[in-house]
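Residue numbers start at 1 and run along the sequence shown.
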Amino acid sequence: MTLLWRRLRNFPVFVIAILLLVCLYTASDSGQEIRGNFMLWGEGLHTAANSRIHFSASTSIETTIPGGELVYGFGLLDRLYLRKGTFYIVTSTPSAFPQREHIIARPLDMGPDRDLSPTDKELQFIDPSEAAMILGEQALTVEGFTLIAYDTEQFMHHVFGQEWRDIPGLNAGLMRATFPSTSIENADQWDDLAVLDNTFVFERAMIVCRVAAQTHGLSKSWHKMISSTMAVNVSNTFWEPIRRTTVQNTIGYLPRLDSRGVIVSPPTVVSEMPFVTYIARQGSSRSLTDAYHQDLVRALKELEWSGLCQVYVAQMEKMSLTQQLEIMARSTVRIWHVYICCSCLTRSAVPS
């Protein structure tokens with residue numbers, strides 16, 4: 001899987017969540033292994049993965065939207081073309097696609113009165129009859145699924161240089177557990193390919209663009225980059241392939257719960273009552289007051305003493321990644337708190 005990236009100093013933990021989200025567009029309920037490319041966009045092409053590239057594709061083959069609907073800021077496209085830093089959508093029906101600003105933006109930091117409307121440098125719509133003249137007759141095909149994280153260092157906070165690992169150590173472990181077939185490589189591969197002056201075509205790609213996502217109407221209500229995805233209808237088993245793969249590859253088994261929330265298999269972890277986990281953040285700056293924390297623990301322990309459930313108070317920062325995933329996989333109920341910050345209130349948090 002490949003990451004196209006701008007030469008960022010930082011790379012946030014949220015990218016892992018996005019990688020999991022977007023790859024599910026190609027996942028099936030069978031839990032089969034998910035393969036593809038993860039990319040961060042930037043100056044030229046930079047890869048962080050094992051991608052298979054070959055000539056054979058005609059540039060006149062049109063770009064399409066899988067499923068027929070494109071989510072603002074999370075543009076999933078089949079046969080997206082790229083040449084000299086500019087993306088191209090080849091289509092005889094441009095009206096079938098969202099406006100350009102809903103797909104991509106100028107790669108600049110956000111700020112007051114700054115116009116980030118995309119130009120022809122970022123993305124162009126061209127007719128198949130024009131493709132050979134603009135892109136050449138053939139393109140280098142990048143196989144599989146590619147995520148293009150189109151963000152600037154303004155919103156990247158956890159990585160230095162081109163290092164994709166985060167300080168808590170979650171990115172690397174989750175990548176290896178969830179996408180075990182992916183090999184992470186240096187940026188040199190794409191630098192070498194860029195000098196070939198060729199056109200690339202991604203079999204399936206998603207451009208993740210914060211500015212484009214915020215053009216959706218729900219952004220004013222949610223105030224989050226993922227606002228536009230709230231309007232997407234998915235099945236109840238949407239996350240299941242990723243959950244199974246991640247848990248199985250990390251802790252070595254998949255806990256199965258019955259209708260009461262009791263673990264019934266495998267035999268080594270069978271429980272007699274539901275497992276309730278309270279994720280305490282008392283060691284962080286975003287924590288409950290000590291009094292609220294103690295009251296919550298006391299109330300949970302009373303439930304345990306009454307025989308209704310088994311309670312575990314977890315401090316994730318003191319646990320390994322494997323321990324964190326195991327406790328979450330075995331939990332019937334998970335309790336944590338939400339951080340609240342207002343100009344009229346001191347820093348505090350309440351249970352959620």
Side-chain angles (χ1 to χ4, degrees), residues 2-9 37-47 57 59-65 70-142 146-156 162 187 190-202 204-216 225:
T2 310
L3 281 145
L4 265 181
W5 74 19
R6 167 181 301 279
R7 291 188 179 274
L8 301 172
R9 292 196 304 267
N37 310 302
F38 293 145
M39 296 183 166
L40 291 170
W41 173 245
E43 305 156 1
L45 288 168
H46 305 281
T47 187
T59 57
S60 63
I61 301 176
E62 297 195 26
T63 306
T64 58
I65 301 174
L70 188 144
V71 179
Y72 290 10
F74 298 87
L76 184 66
L77 299 162
D78 282 352
R79 303 198 63 79
L80 175 67
Y81 295 85
L82 176 69
R83 184 177 180 85
K84 293 184 177 180
T86 299
F87 289 108
Y88 292 87
I89 290 176
V90 177
T91 179
S92 55
T93 55
S95 60
F97 292 81
Q99 296 180 16
R100 189 162 56 183
E101 57 265 30
H102 299 321
I103 301 173
I104 204 168
R106 295 177 66 195
L108 302 172
D109 288 351
M110 298 172 67
D113 302 321
R114 171 165 280 186
D115 183 9
L116 300 182
S117 300
T119 67
D120 284 349
K121 173 59 180 172
E122 286 73 49
L123 174 65
Q124 295 184 36
F125 292 83
I126 61 174
D127 190 87
S129 62
E130 305 173 285
M133 180 180 62
I134 298 173
L135 303 176
E137 293 187 355
Q138 286 192 317
L140 281 164
T141 299
V142 182
T146 302
L147 169 69
I148 302 167
Y150 203 93
D151 215 346
T152 72
E153 60 188 41
Q154 180 181 16
F155 295 99
M156 303 292 188
Q162 290 184 5
W190 284 105
D191 288 336
D192 294 341
L193 291 173
V195 302
L196 296 177
D197 191 28
N198 285 320
T199 295
F200 298 86
V201 58
F202 301 101
R204 174 164 292 184
M206 175 177 282
I207 301 177
V208 179
C209 178
R210 182 183 304 271
V211 176
Q214 292 180 352
T215 63
H216 194 278
M225 181 179 174

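Looking at Glu130, its side chain never comes within 3.5 Å of a backbone N or O of Ile126 through a donor-acceptor pair. In this structure, Thr199 contributes its side chain and Ala139 its backbone to no donor-acceptor pair below 3.5 Å. Looking only at distances, a side-chain donor or acceptor of Thr63 sits under 3.5 Å from a matching main-chain atom of Val90. Of the possible polar contacts, one joining the Thr59 side chain to the Gly136 backbone as a donor-acceptor pair under 3.5 Å is found. Between the side chain of Glu62 and the backbone N or O of Ser92, at least one donor-acceptor pair lies under 3.5 Å.
In terms of the salt bridge (charged side-chain N to carboxylate O under 4.0 Å, His left out) criterion, Arg79 has no residue partners (sequence neighbours excluded). Ser95 pairs by the side-chain hydrogen bond (donor to acceptor under 3.5 Å, both in side chains) definition with nothing, not counting sequence neighbours. Looking at residues two or more places apart in sequence or on another chain, you find a side chain to side chain contact (heavy atoms under 4.5 Å, CB included) between Glu101 and Gln99, Pro118.
Shown here for Leu123 and Tyr88, the closest heavy-atom pair between the two residues is CD1-N, 4.2 Å. Of all heavy-atom pairs spanning Lys121 and Thr86, the tightest one is O-OG1, 2.7 Å.
How far CG of Asn198 is from CG of Leu135: 11.5 Å, rounded to the nearest 0.5 Å. Taken to the nearest 0.5 Å, the CZ atom of Phe87 stands 13.5 Å off from the CZ atom of Arg100. Between atom CZ of residue Phe74 and atom CD1 of residue Ile207 there is a gap of 12.5 Å, rounded to the nearest 0.5 Å.
Electrostatic pairing of Arg83 and Asp197 counts as a salt bridge here, judged by a charged N lying under 4.0 Å from a carboxylate O.
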